[in-house]
Amino acid sequence: MRTIDLKPDPLGHAAPITHVAFRPDGKRLASCSYDGTVLVWDTSEPASPVPLTRLRHRRLVNAAAWSPTAPTLLATASADKTVGVWRIPEHGRHRLVTVLARHTDDINSVAWMPDGRRLICVSEDGRATMWDTPTGALLAEIGAHAAHCMMVSVSCEGLVATVGEDGMVAVGDPGRPATAEMRHYASSVEGCAWSHSGKLLAVARDDGVVNLLTPELDCLRTINVSTSAARSVAWADDDGSIVVGAYDGSLHHIDISGEPIRRTHDARLWPRSVAAANGLIAAGSFWNAPHLLDFATGAELSAPRRPGHGVNALAVLSDRRLADRIPGRRLLAGCDSGSVLVLDVDMDDDTPSGARLLPVSDSPVLSLAAGRDGVFYAGTYGGQVVRRSVRPDGGEPTVSAPLGAPVPSLALVGDRLVAGTYNGELIALDPETLAEVERGAPHAGSVKSLSAFDGGFLSAATDRTVAAGPLEDRATLWQHGNLVNAVAGLGDRVVASASRDHTVKVGLLAPPGTGGRRVANVQTLLGPDESVKCVGLLGDPDAPVVLAGSYDFGLYAWEVDWRDSVGTLASGRLVSTFRQGLSCMIPWDTDRMVVAGWDGRLLLVGRERRDAPVRELRSWQVDDVIERAGAADRTAGDRTAGDRQVDEQVDALEYGQVAS
C-alpha cells in the first residue's frame, strides 16, 4: 500500500479536513484530513488554537474519537484499513498504543464504549465490530449494513447506533444482540449522534432532514434542515439544541423543538463533520485548519488561514485569439480554493507558456465545462454554476440561481448546459444566462459525472448506474457493484465508466438506429486495488485505450480488443503513480490525456504512435506553476507575525505514524 506523500502545510493540513473531534473538556481538538494526518490542537484559547502533535496514517483519515475515561487516549480511523490508538499526554511525547488492523475496507467512524476500553469501528464493508483496545483483540461483530456503514455513536448507557448508505439506522446493546432495533429510510443516512443524556439520537439524512429518535427508534421530531444533504450533527452541552452540518456549506443551529436558531454560512466550510464541547463548535474545512465558533452566539473564534489547490476538475479550452498568438490551447483546472488555474500550453513542446488563477467562487470548484471563444462553466460545492471568460475583456461572470445542492458534474450538450447535482437531479441551463430551462428524470443518487455523447450525454451516479440519452429519455447502459465515479465516451459508440467497486467497464454500443442504444459488447477491467475515481478513452472506437485513475494512487491503461476480453484484461498495466489519489482526467487530443491528482500534480500522458504504449510525456505541479506565475495566495512578504508564530509552533510538532 502506497503512503500519502504531500508537501506539509506549516499552518495546518495540506488537504481538506474530513473530521473534527473534541476531547470532552473542549481543551483539545483532533482534526483529520485527506492528507493522511491527524493534527491535535490546543483549543484552551479558542481564538488562537495551537497545533501540538501530528499523527500519520498511510491513507486519508476519516475520523477520530477521544476516550471518555482516559483523556490522553485518542482513536483514529483511516482508509488504510487500520485504527490507531494513541496516547497523547498533556506534555511530552505521544506514543502509539496499538493498531487495530483486521479490517477488510476503509474505516469510516469509531466510538468508545463508556468503559473507555472497548472501541466500536464501522467500515465501508458494512460491518460494525467491537475491539479490546489494550490487547488489540477483536471481540465481536455487532452489526452489518447492506451498504457502507458511515457513522457510529455510543450513548452514555452503552447503546450503539450505526447508520449507513443503505438508509438503515440500527441501535443495540452489544451485550444483548437480540434486542437490536432497526429503522429504514429511503435516503442514505451518514451522520448520527446521541444526546449527552442518552435519551435522544439525532440522525442526519442525505435528503436534508434530521430526525430525533428515541432509543427504541420512535421518531420524536422531523426537522427539515436543508435542500442539500445533512451530513453531521452535534449536541449542545445542555442537550437543548443541535448543530447540523449540511452540504449547503452551512452550520444550522436548531432548537430541539425544531425551531431554527441561526444559520452560519462560510464557503470554506466542509460540514462533513461538526463537533461541540464546552461551549465551542468545531467544523471541517476545505482549507487548511478547522473552524472554531462560539456555540451560544455562532461568532467565529478562529478560522483557517490558507486555501488548498487540490484539483477536482479539468477542461480544455479553445480560443481563437490564443491560436493567433501561440500554437497552443488552454488547460483549465478547478481547485478546492474556488479558483480555476488557467494554463496556456505551447503545443510545440507541451510546456506552460503562461499561467494565472481566476477566482470563480468562494467555495470549491467541483466541475468544469468548456464553451467557445474563451468561455467556460464551473460547478461549485456551493450549488451554483458560474459562467466566465478567461479573457480580460470577457465581461462580468454570470452566476446561476442556487441549484439546491453541490454541482459535481457539467456537460455542454448542443444548446444546453446540463448540470448534475449531489441530489441526483439533471438540470438543463441556458448557456448564456444560466437560467433553468428543463429538468430531466433524476438519478437515485448523486450525479458524479457527465459527458456529451451522440446527441445527448452520458451520466454516472452513486445509484450504481451508467445512463445515456437526451435529458427527457434516458436509458441505463449497465450497473456496477458500487457507486460510479466517472464516465467517458469516444466517438458515438464507446463508453467507459469507473466505480468504487474497484473496476472499470468499457462497452461497445450497437450502431445508432438499430433499436435504441443497446450495448453490444461490455468488458470489465481489473487492476486498481481501491475505488476508481476517473476514466478516459484514447484512440479510435475500433481499438480504444482505456485510462483510469484510482484512490490507490495509480494511473492504469488497457488496450481494448473487442474480440478478446481476456486479452484486454491482460493488457492492463500501471502507467504512473501519484502521491495521493487521482481526481480527474480530460483528453488533450485523440492520443493524449491530461490527468490530475489530489497531490496537485498534472500529468500529460499519451502515445507517440498508435502501436506504442501510453507513457508519461510531461508533468507539472500546480503549486509550482502558481508560484512561477506570481499568483500564489500568500507570499513571504505579507506573512503576519501570527503566521510566523504558528510556523515556529508547527516546527516543534511531534510526529507519529501508524505502522504499515
Side-chain angles (χ1 to χ4, degrees), residues 2 5 309-319 322-323 325-335 340-355 368 370 486 488 490 494 496 498 504 506 525 527-528 532-540 543-550 552-560 571-629:
R2 299 183 186 92
D5 180 24
H309 295 299
V311 178
N312 301 309
L314 295 170
V316 176
L317 189 64
S318 298
D319 189 340
L322 176 68
R325 190 169 72 252
I326 61 171
R329 65 184 76 181
R330 285 188 165 118
L331 175 67
L332 308 182
C335 302
V340 170
L341 174 64
V342 182
L343 282 175
D344 294 342
V345 181
D346 191 323
M347 297 293 286
D348 289 337
D349 57 6
D350 297 321
T351 58
S353 57
L368 289 171
L490 180 65
V494 181
V504 175
V506 58
L525 310 179
V532 191
K533 173 60 177 172
C534 51
V535 69
L537 289 156
L538 293 177
D540 60 74
V545 173
V546 180
L547 291 173
S550 170
D552 69 7
F553 308 0
L555 173 65
Y556 298 84
W558 297 263
E559 297 175 1
V560 177
S571 75
R573 65 186 185 87
L574 183 67
V575 176
S576 183
T577 58
F578 286 61
R579 296 177 298 157
Q580 236 285 30
L582 280 73
S583 57
C584 49
M585 59 178 63
I586 192 79
W588 191 240
D589 52 35
T590 57
D591 288 303
R592 294 185 295 177
M593 187 81 67
V594 179
V595 184
W598 280 300
D599 59 358
R601 185 185 182 204
L602 296 172
L603 182 65
L604 180 66
V605 300
R607 302 185 295 181
E608 295 174 335
R609 59 183 189 278
R610 286 296 173 93
D611 60 346
V614 173
R615 67 177 184 85
E616 294 185 31
L617 301 175
R618 290 285 185 274
S619 181
W620 313 300
Q621 196 69 32
V622 170
D623 286 339
D624 293 343
V625 172
I626 291 172
E627 282 189 30
R628 287 198 300 269

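Not measured: the values here are computed from a predicted model.
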For this session: Using the side chain to side chain contact (heavy atoms under 4.5 Å, CB included) rule, take Val594 and Val316 through it: C-alpha gap first, then chi angles, then the decisive distance, then the call.
Result: CA-CA 9 Å; Val594 179; Val316 176; 5.6 Å; no
Problem set entry | Audit row: Val506, Leu525, side chain to side chain contact (heavy atoms under 4.5 Å, CB included) steps and yes/no | CA-CA 8 Å; Val506 58; Leu525 310 179; 4.1 Å; yes
Problem set entry | Backbone N/O of Val311 and side chain of Ser583: donor-acceptor pair under 3.5 Å | yes
For this session: Return the minimal non-hydrogen interatomic distance between Ala315 and Leu368, and the atom names on each side.
Result: CB-CB, 3.9 Å
For this session: Write down the atom of Leu317, the atom of Ala370, and the distance for their closest heavy-atom approach.
Result: CD1-CB, 3.9 Å
Exercise. Between Ser571 (side chain) and Glu559 (backbone), is there a donor-acceptor pair under 3.5 Å?
Worked result: yes
For this session: Taking all heavy atoms of Glu616 and all of Leu603, pick out the closest pair and write down the distance.
Result: OE1-CD1, 3.6 Å
Exercise. Are Asp540 and Arg610 close enough, and set up right, to give a salt bridge (charged side-chain N to carboxylate O under 4.0 Å, His left out), and what steps lead you there?
Worked result: CA-CA 10 Å; Asp540 60 74; Arg610 286 296 173 93; 3.2 Å; yes
For this session: Write down the atom of Phe553, the atom of Arg579, and the distance for their closest heavy-atom approach.
Result: CE2-O, 3.8 Å
Seminar exercise, completed: Heavy atoms of Leu582 and Cys534 approach each other most closely as CB-SG, 4.1 Å
Problem set entry | Backbone of Val622 reached by a side-chain donor or acceptor of Arg601 within 3.5 Å | no
Seminar exercise, completed: In short, Trp558 meets Ala548 closest at the heavy-atom pair CZ3-CB, 3.7 Å
Seminar exercise, completed: Tested for side chain to side chain contact (heavy atoms under 4.5 Å, CB included) against Met585, the lone hit among Leu555, Val605, Leu537 is Leu555
For this session: Working to the nearest 0.5 Å, report the span between CG of Leu602 and CG of Leu341.
Result: 7.0 Å
